There are 2 protein chains.
Amino acid sequence: MFSIGDLSRRTGVKVPTIRYYEQMGLIAAAGRTGGNQRRYDRDGLERLSFIRHARDLGLSIDAIRELTELSTHPDRPCADAHRIARDHRAQVRAKIARLKRLEAELGRIETMCDADTVGDCRIIEALADHGLCSGEH
Amino acid sequence: MFSIGDLSRRTGVKVPTIRYYEQMGLIAAAGRTGGNQRRYDRDGLERLSFIRHARDLGLSIDAIRELTELSTHPDRPCADAHRIARDHRAQVRAKIARLKRLEAELGRIETMCDADTVGDCRIIEALADHGLCSGEH
DNA sequence: CTAATCTCTCTAGTCGCTATAGGTTCAAGA
DNA sequence: TCTTGAACCTATAGCGACTAGAGAGATTAG
């Protein structure tokens, strides 16, 4: 049996975060000692590792809840799991695209100014005036 | 003179967000009518446009506050403005790099499963087990 | 003058934690 | 067995950048 601190060290998830996940319904309420401290078994450890990994991949708490609920029904079709992964990937791709446009624009702005004082600074000017931008963002 | 609603329509910044910016000290408190409603002039419009554009580029409220304060001192050196833009761009680049790794991993995970039911679903398996990943993320 | 629209302040909610305060329990050493 | 110190408990508040809603007052067009 692991204490919450053991679980934290083994998974890399901080103690308050584990309690937060419990509160959010991501992990079942753990068993308790006589003194009201949480105790976990190997199963709890695995569930938390799953959550940790899925969070690292950027999945939302809601998506993870859906996935854990799914995984308790091994006979259900796994189309929902596929959908969640696909949707998330699409979102990540969209975010990358947007950030790339931003990065290009920031690079352009950065090269615009060789002044020394704020009064002549084209960086501030470029930030102020969207018309000076090369495209959308 | 513009009402807060006029300003909102002209800049695309929502009314409560304008009030929020005022509260955060991003824009000076506007003049008021006898009935306590905010009235803005062309100057206020320009300041808000600046903020809008900088936010679109992803700059934080704090960074924008620093920039607006700088721009009220035209004789100061503009190295700080350069630094803010450069730092922000570096952050954007780092975020892009991380998201690209994620995207690759999600793509790999997506192709792993051709099962029909959750019990055999390798997507859930892959999400559970970081050891199945090809690299870091 | 009336009715519709706008605006005001204040409070609370979003997401995924993180931090703090004040108290209790556990495990190991003397 | 007792004591100490680390780990644990709950509850609450804060982060950033808004967004939503309530309930009341102001403005403006007809």
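A quick note: this is a predicted structure, and the numbers were derived from the prediction, not measured. Letters A, B, ... mirror the listed sequences (proteins, then strands); counts begin at 1.
- Using a 4.5 Å cut-off between side-chain heavy atoms of Ile, Leu, Val, Met, Phe, Trp and Tyr, with links allowed through other members, A:Leu132 and B:Leu59 fall into different hydrophobic clusters.
- Mapped onto DNA chain D by nearest heavy atom, B:Asp62 and B:Arg39 fall at different nucleotides, with B:Asp62 at the one closer to the 5' end.
- Counting non-hydrogen atoms under 4.0 angstrom, A:Arg38 reaches the backbone sugars and phosphates but no base.
- A nucleotide of DNA chain D counts as in contact with chain B when one of its atoms lies under 4.0 Å from a heavy atom; the first and last such, 5' to 3', are D:dA17 to D:dT27.
- Heavy atoms only, all atoms of each residue included: A:Val92 and B:Leu106 are closest at CG2-CD1, 4.0 Å.
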Output side-chain donor-acceptor pairs under 3.5 Å for residues 110-129 of chain B, partner residues at least two apart or in another chain, one line each.
from	atom 1	to	atom 2	distance (Å)
B:Thr111	OG1	B:Arg108	O	2.8
B:Asp129	OD1	B:Gly131	N	2.8

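- Across all their heavy atoms, A:Phe50 and A:Thr68 have their closest contact at CE2-CG2, 3.5 Å.
- Among the protein residues, B:Arg19 comes within range of the nucleic acid bases, having at least one heavy atom under 4.0 Å from a base atom.
- Within 4.0 Å of B:Arg32, counting heavy atoms only, lie sugar-phosphate atoms of the nucleic acid but no base atom.
- B:Met1 and B:Ile27 end up in different hydrophobic clusters when Ile, Leu, Val, Met, Phe, Trp and Tyr side chains are linked at under 4.5 Å.
- Formation of a donor-acceptor pair under 3.5 Å by the B:Arg10 side chain with backbone atoms of B:Leu45 is not found in this model.
- Checked by atom type and distance alone, the side chain of B:Asp87 never pairs as donor or acceptor with a backbone atom of B:Ile84 at under 3.5 Å.
- Residues A:Thr17 and A:Gly35 both approach DNA chain C. Their nearest nucleotides, taken by heavy-atom distance, put A:Thr17 toward the 5′ side.
- Along DNA chain C, the stretch of nucleotides lying under 4.0 Å from any heavy atom of chain B spans, 5' to 3', C:dT7 to C:dT9.
- No donor-acceptor pair closer than 3.5 Å links the side chain of A:Arg38 to the backbone N or O of A:Arg19.
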